[in-house]
Student: 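Submitted below is the structure of interest, expressed as structure tokens.
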There are 2 protein chains.
Amino acid sequence: MKMGNTQYRSIWVEGSAVRIIDQTRLPHEFCIITLDSLAQAATAIRDMWVRGAPLIGATAAYGMAIGMREDASDAGLQRAHDVLMQTRPTAVNLRWALEDMLAHLAPLAPADRAAAAMARAAAVADDDVAINASIGDHGLSVIRDIAARKAGPVNILTHCNAGWLATVDWGTATAPIYKAHQAGIAVHVWVDETRPRNQGAHLTAWEMASHGIAHHLIVDNAGGHLMQHGQVDMVIVGTDRTTARGDVCNKIGTYLKALAAHDNNVPFYVALPSPTIDWRVQDGVREIPIEERGGDEVSFVQGKLADGSVTRLRISPEATPAANPAFDVTPARLVTGLITERGICPATAEGLAAMFPERVGS
Amino acid sequence: MKMGNTQYRSIWVEGSAVRIIDQTRLPHEFCIITLDSLAQAATAIRDMWVRGAPLIGATAAYGMAIGMREDASDAGLQRAHDVLMQTRPTAVNLRWALEDMLAHLAPLAPADRAAAAMARAAAVADDDVAINASIGDHGLSVIRDIAARKAGPVNILTHCNAGWLATVDWGTATAPIYKAHQAGIAVHVWVDETRPRNQGAHLTAWEMASHGIAHHLIVDNAGGHLMQHGQVDMVIVGTDRTTARGDVCNKIGTYLKALAAHDNNVPFYVALPSPTIDWRVQDGVREIPIEERGGDEVSFVQGKLADGSVTRLRISPEATPAANPAFDVTPARLVTGLITERGICPATAEGLAAMFPERVGS
């Protein structure tokens, strides 16, 4: 999507250079980094210069390609795979992309691997863009329907960053928003700041400001009040994992917004690429273990000082411990619909099975 | 309540000196200030060295007393009233305390006013302490019942700071917690940080740490998840204004916690001194105007840097505007009970009328 007048992806190739945006410096600095070694690609993933499951997958694929430039032997191929795999061991897309690259490259002669790897990585990236564009087109129909029924902009609330920065382009939750903007529909986005890591304030707000989409930053506490007063027409969020019956695991606080949407008859949609559906899990609240992260993410906040430097400060007493569950589960009963690359389906076992019949039980 | 081994009120007299805690410097610095002039008392209220409706009222009363030391003439009396009234014009307790002091002092000879004013201010403060202690005793019965039914500590979630720092002592929402702690019941408090102004992280966490009550700071997003997993036994919050049918206006985000409590069968209690009931208002969502505060409270966060200095930093892009509704309304249907100084009543018109028959329609 756009940064000013320039169109970007979150990872791209210029000549033979693989480039990314250092997302740890957003929104205060816009820094482009050229990944010029396997080691640096690994650092980019491990230190979260790039984040978001689809972008991690694409960066890993390009990391393999860069590794093939350094050492395209069988040992070099395995080493590139192993180095990248260790960066964020629990990321499903990371493993999937690395296994795909390894399977694709292993049968080739070492001399052919570097070029083939670049082409395969580009395909991984393009596939992600295509999936998200489809999610955007399906979600656009919902926004279009709302716009037809009301005067003024369609007010959309989103939580965390399921934006183009988390994918290769379009994003998941943001894809319908960008598509609506492109179609000339007036949209206005309520951006939840999304404590503790503030991905909304840091990344989603930056995306909206950069692309020129009307928006306001709000605290995570504000959405219920706005819904009570008719100021939210729909909610769209992303998801890290969706169960076979439609329970949605997403950033902590999503559940509270879903409750408020339900209480105020505001449609609550979840945008997801189908690979994030976990067909083996039914009851998300009971079955999905929730990551408990370090308390410092709660006790400290990062931002920019008046002198322009970026730092963190402590908001709480030193004697106060913090608890930090990173995700929560929104029960399917609170979800109006799941926006997938194939279309929108109800958040039910039947709805998902009808949309993805070949995947059931997989 | 306690700060280490020392018992404090939020405003107190030593000899003839009126002392307060500069709450703008909490939790990072504990500074006691002696109010030695009318002008300084006014500054203390206007610049929010003291905050919380009951404490503002008590500080205004003491401010009048200090003013009488400077000029006890009729003109001086009126001037003290007027200077203090302008500090926070919308604070109901401020007006009430100043009118009470004026009515009490005006009939007296100027020579008698200074001493009488100190005595009257002490009575205002003591009345607040008595009301909150009663709220604490009634709320204690709820905590005691929960403790009797379970092993381990009673887990109580609270939002914002309705603590002793917001009153003269005990607090409203915290009074039952302090009473339970005093009674030897094990309690553990989930402290919502309460964005945007972080009164939970700054003040409630400091109160709990200082008094030695087990607690964890959490982001405002976390409460729903904790309730889904049985980690919250009850919620207690304060209120700025309660309607005649039991709708509760309180700090933004309270409504989201009430929805989550309702969805998980967690008791949701509101602690309130009866003067905060607005008997002329029924439907809180429709009738109570919500203050929209400046966006900088959202875009900037205050805290302590590694070098110990306290400052603020920006969390969002400069091109991103912020919206900042300061309160929301929790409908009575989500409230388990109202804990008042007379006892606990249902959040209904009938429940409130039965508890305060003489006030109905006032």
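A, B, ... follow the sequence lines: proteins, then strands. Residue 1 opens every chain. Computed from heavy atoms alone, side chains included, the values below leave out hydrogens, waters and symmetry copies.
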Student: Any idea which heavy atoms bring A201(A) and P317(B) closest together, and the distance?
Tutor: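 So the two residues come closest at O-CD, 3.3 Å.
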Student: Can you tell which part of F327(A) gets under 4.5 Å to a heavy atom of chain B, answering side chain, backbone, both or neither?
Tutor: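 F327(A) touches chain B through backbone heavy atoms alone.
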Student: Give the member of N198(A), V219(A), D328(A) that has the highest number of heavy-atom pairs under 4.5 Å with chain B.
Tutor: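 The residue among N198(A), V219(A), D328(A) with the greatest pair count is V219(A).
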Student: Can you tell me which portion of H215(A) sits under 4.5 Å from chain B's heavy atoms? Options are side chain, backbone, both or neither.
Tutor: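 Both the backbone and the side chain of H215(A) come within 4.5 Å of chain B.
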Student: Specify which of S299(B), G223(B), S316(B), A214(B) makes the most heavy-atom pairs with chain A at under 4.5 Å.
Tutor: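 It is S316(B).
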Student: Is there a side-chain contact between R333(A) and D263(B), using heavy atoms and a 4.5 Å cut-off?
Tutor: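 Side-chain contact under 4.5 Å: yes.
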Student: With only heavy atoms counted, which part of E318(A) is less than 4.5 Å from chain B, the side chain, the backbone, both or neither?
Tutor: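 Side chain only.
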Student: Highest number of heavy-atom pairs under 4.5 Å with chain A: which of A222(B), A209(B), A326(B)?
Tutor: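 Among A222(B), A209(B), A326(B), the one with the most close pairs to chain A is A222(B).
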Student: Less than 4.5 Å apart, any side-chain heavy atom of N221(B) and any of H159(A)?
Tutor: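 Counting from C-beta outward, N221(B) and H159(A) do come under 4.5 Å.
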Student: Is N324(A) close to chain B through its backbone or its side chain, or both, or neither, when contacts mean heavy atoms under 4.5 Å?
Tutor: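 Contact with chain B involves no heavy atom of N324(A) at all.
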Student: Would you find more than 12 non-hydrogen atoms of other residues, nucleotides or ligands less than 6.0 Å from N5(B) atom CG?
Tutor: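 Counting other residues, nucleotides and ligands, CG of N5(B) stays at 12 neighbours or fewer.
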Student: Counting only non-hydrogen atoms closer than 4.5 Å, does I290(A) touch chain B with its backbone (N, CA, C, O), its side chain (CB onward), both, or neither?
Tutor: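 For I290(A), the side chain is the part near chain B, not the backbone.
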Student: Can you say whether H262(A) sits under 4.5 Å from chain B via the side chain, the backbone, both, or neither, judging by heavy atoms?
Tutor: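 Contact with chain B is absent: no heavy atom of H262(A) under 4.5 Å.
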Student: At a heavy-atom separation under 4.5 Å, does R286(A) approach chain B through its side chain, its backbone, both, or neither?
Tutor: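 For R286(A), there is no contact with chain B at all, as no heavy atom is under 4.5 Å.
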Student: Within the structure provided, determine whether V329(B) and H225(A) are in side-chain contact (heavy-atom separation under 4.5 Å).
Tutor: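 Result no, sub-4.5 Å side-chain heavy-atom pair not found.
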Student: With respect to chain B, which residue among M208(A), H202(A), R195(A) yields the maximal number of heavy-atom pairs within a distance under 4.5 Å?
Tutor: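 It is R195(A).
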Student: If you tally heavy-atom pairs under 4.5 Å against chain A, which of V191(B), T320(B), I218(B) wins?
Tutor: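 That would be T320(B).
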Student: Between Q302(A) and chain B, which part of the residue has a heavy atom less than 4.5 Å away: side chain, backbone, both or neither?
Tutor: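 Only the backbone of Q302(A) comes within 4.5 Å of chain B.
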Student: Non-hydrogen contacts under 4.5 angstrom with chain A: give the residues of residues 249-261 of chain B involved, or none if there are none.
Tutor: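 So the qualifying residues are I252(B), G253(B), Y255(B), L256(B), K257(B), L259(B), A260(B).
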Student: Could you report the tightest heavy-atom contact between Q228(A) and P331(B), atom names first, then the distance?
Tutor: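 Result for this residue pair: NE2-CD, 4.0 Å.
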Student: Can you name the closest pair of heavy atoms from E193(A) and I315(B) and give their distance?
Tutor: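 What the structure gives for the nearest pair is OE1-CD1, 3.3 Å.
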Student: I'd like to verify something: which residue of V310(B), T194(B), L305(B), D192(B) has the highest number of heavy-atom pairs under 4.5 Å with chain A?
Tutor: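 Of the options given, most contacts go to L305(B).
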